[in-house]
Protein chains: 2
Amino acid sequence: MTERPEDPRRPTIREVARLADVSHQTVSRYLRSREGLKPQTLARIDAAVSELDYRPNLVARYLNTRRTGRLAIVMPELVASNPTRILSGATEAAHEAGYSLELVSFGGGIDARTERLLELADSGQVEGILTLAPIAPSAQGRLGNGAAIVVSADFDDEMRSVGELIDAAPVRDMIERLSGLGHRRFYHVAGDLKYASARARKDAYLEAVDRLGVESAGVFEGDWTARSGFDAMRALPHGALPTAVIAGNDMVAVGVMRWASEHGLEIPRDLSVTGWDDTEFGRFLTPALTSVELDLEGVGRNGMVRLVKAVTGRDLAPSPGPVSRLLWRESTARRDQTPRRLG
Amino acid sequence: MTERPEDPRRPTIREVARLADVSHQTVSRYLRSREGLKPQTLARIDAAVSELDYRPNLVARYLNTRRTGRLAIVMPELVASNPTRILSGATEAAHEAGYSLELVSFGGGIDARTERLLELADSGQVEGILTLAPIAPSAQGRLGNGAAIVVSADFDDEMRSVGELIDAAPVRDMIERLSGLGHRRFYHVAGDLKYASARARKDAYLEAVDRLGVESAGVFEGDWTARSGFDAMRALPHGALPTAVIAGNDMVAVGVMRWASEHGLEIPRDLSVTGWDDTEFGRFLTPALTSVELDLEGVGRNGMVRLVKAVTGRDLAPSPGPVSRLLWRESTARRDQTPRRLG
DNA sequence: GACACAATAGTGACCGGTCACTATGTTGAA
DNA sequence: TTCAACATAGTGACCGGTCACTATTGTGTC
């Protein structure tokens, strides 16, 4: 319908060459690396470039080099946690490395996602893929000659992985401290166990509970949602209440807290609850949620740093600073001495 | 470091042509539209294509057509609300239209963002841009010959806009109903007024308050964060408490609720609070938050539909169904008859 | 001054598609 | 039968860069 304006064609390398009175190849050399040119020639090209406001056509360049200058990032379709900060860190790093980042969001289950991801890798459209969603292990043998693939938020012994979301050390710290506060019976509402981070937290939970010789009311296989936190509590056998719940993230913790309030349990007097992600709503909840602050931009950046390394061999500066920090707030406290039961 | 595997070059149009025993041009025709070919020729090419697993090289195609097949989506750097669902709807629609979607996240203020956005539009890299972040009105005259730009989450009389996030009708419904429940003094904690949605809700608030002849404790200019909800309450002159707070979104409402609980006010007995976005945490809060459910995938999709229309003139099917729905929950109730004051 | 050699610069083909134009085959009316 | 007119297919250039190779200039040494 709307006619595009007529041919706003950008100047080409040959026009620059003509203006600078050199050959197109000299301009090409100038573009790739300014070495091997006489200062005088260089200056002439400099002038021509800025006069014409020349910018190289990356698409044309690709035809020879096979380098598209594009990476892709795959988002899980449904996410309880907010991937914005991860995306933000990832785009920044990608741009820093001179890449543009294509956003892909694959519906369907893990298998459909894996299939489409491999197709994308094989399409030649992108040089590498960072996926925030888990993919099927079956993919591992099929990476052959396509783009490099880095999986964040999940890992697999055979595949490259970021591994940072996976650091579950704070879970151990939580349980140690809570045990020191008199808690003897714990419960873990895990996130979606297709995610390595969820598996790592679960393992850390089991390890700590075992090591400290405290009781566990079990591990509930949730999916990062508040609903799953609520359901996890409901699934608990009557009379077998824990005094501390380690929730997979803040959202899950909200569900746990809701269940508690519906059953007349007061937090933290009757039940201590911990979250993960240090979300803003968690900080402003009543009681404010004990949680783990994550450097999510750093996670995104580091995933991208790995991908860039895999694709180009080039080392980008990773995110400085620690990835996680445990923040004690009002939702955790010394265990109440008088045992309660459901109202 | 890692050597890329040697030349996994995909088959070209000429190889397909050779195998099908036609000219490359015939294959090219076949690719663009399968019309004007003898059924027999078509079948031969079909066979060759599938035998070679041929897929066209979109980059090469661009060189002639100037169509990159790429659109960009600009994310605000910091967002209180979760844009995931919008992104998801937008990518789906973009892919449906045969476009890939590039993710861009510009730091800096609105002016820096606008500058970089215009640069991107001018780069020829993308055919269109959908921005979820507001851009400066000054940009409007400068769209000249670059990519089409559609602004979601904001609008400007001169610029195309999605307009759907902007529908603030539920604000009117909220105030009407609350007024029917006996509320006479309202307060509005607006979102970032650089966003059209925030402005629209504010206008709807002022209009409804005025029309119904109820009192307003004012409008606080927040920024979509829980912190701003908390601060808004703190900024209220002592003794001038409203009985109902219309918060810009659920996150803001959480901040309001936190302040209330710190000051011994019980919700909804002493204060009714409404949110916006129907977040999962809002549903599981105690009390559960009255909020507005949004079809965010639909918002993303419709933004993209507009962009595709602007770029190609083609009409993609917009999202069906209504965009928002008001959900009454526990955080709103009949106004308590015995007036309270801060504890 | 002559020569080898390095430092610079230029020429033309090519990447994988599309475009403009031409060539051939087919059909139907005169 | 002939020829116009249409349907179908082919030829070669071109998009804007890079690559491989060749040509020219400059420098140092004998």
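We use all heavy atoms of the structure for the numbers below, so side chains are in, but hydrogens, waters and symmetry mates are not. Throughout, protein chains are lettered first and strands after them, A, B, ... in sequence-line order, and every chain is numbered starting at 1.
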Protein-nucleotide distance (R14(B), atom CZ; dT18(C), atom P), rounded to Å: 10 Å
Contact under 4.0 Å: T26(A) side-chain N or O vs dG10(C) OP1/OP2: yes
Nearest-Å distance for atom pair CG/P, residues L63(A) and dC19(D): 12 Å
A60(B) side chain, from C-beta outward: closest of dT18(C), dG16(C), dT18(D): dG16(C)
Sugar-phosphate, base or nothing in reach of V22(A), heavy atoms under 4.0 Å: sugar-phosphate
Integer-rounded Å distance: dT8(D) P and I45(B) CD1: 13 Å
Under 3.5 Å donor-acceptor, N302(B) side chain and P318(B) backbone: no
Which residue lies more 5' along DNA chain D, comparing I13(A) with R29(A) via nearest heavy atoms: I13(A)
Comparing T41(B) and K38(A) on DNA chain D - which has the more 5′ nearest nucleotide: T41(B)
E35(A) CD to dT8(C) C1', straight-line distance once rounded to whole Å: 14 Å
Sugar-phosphate only, base, or nothing, as touched by Y30(A) at under 4.0 Å among non-hydrogen atoms: nothing
Side-chain donor or acceptor of E127(A) paired with backbone N/O of T68(A) under 3.5 Å: yes
Integer-rounded Å distance: dC14(D) C1' and N57(A) CG: 14 Å
Base of dG16(C) paired with side chain of R66(A) (donor-acceptor, under 3.5 Å): no
Sugar-phosphate only, base, or nothing, as touched by L58(A) at under 4.0 Å among non-hydrogen atoms: nothing
Contact nearer the 5' end of DNA chain C, comparing P39(A) with H24(A): P39(A)
Check: R301(A) side chain, A93(A) main-chain N or O, donor-acceptor pair, under 3.5 Å: no
Test side-chain contact (heavy atoms from CB on, under 4.5 Å) applied to R44(B) and V22(B), V49(B), L37(B), the passing residue: V22(B)
side-chain hydrogen bond (donor to acceptor under 3.5 Å, both in side chains) evaluation trace for S100(B) with R70(A): CA-CA 11 Å; S100(B) 66; R70(A) 295 163 69 190; 3.1 Å; yes
Length of the CZ-C1' vector between R44(A) and dA9(C), whole Å: 11 Å
Atom-pair distance (CD on Q40(B); C1' on dA9(D)), nearest Å: 13 Å
Distance in angstrom units between Q25(A) CD and dA7(C) P, rounded: 18 Å
Any S28(B) side-chain N or O less than 4.0 Å from OP1/OP2 of dG17(C): no
Touch class at under 4.0 angstrom, heavy-atom based, for T12(A) against every strand present: sugar-phosphate
Distance-only donor-acceptor test, N64(A) side-chain atoms vs dG17(D) base atoms, 3.5 Å: yes
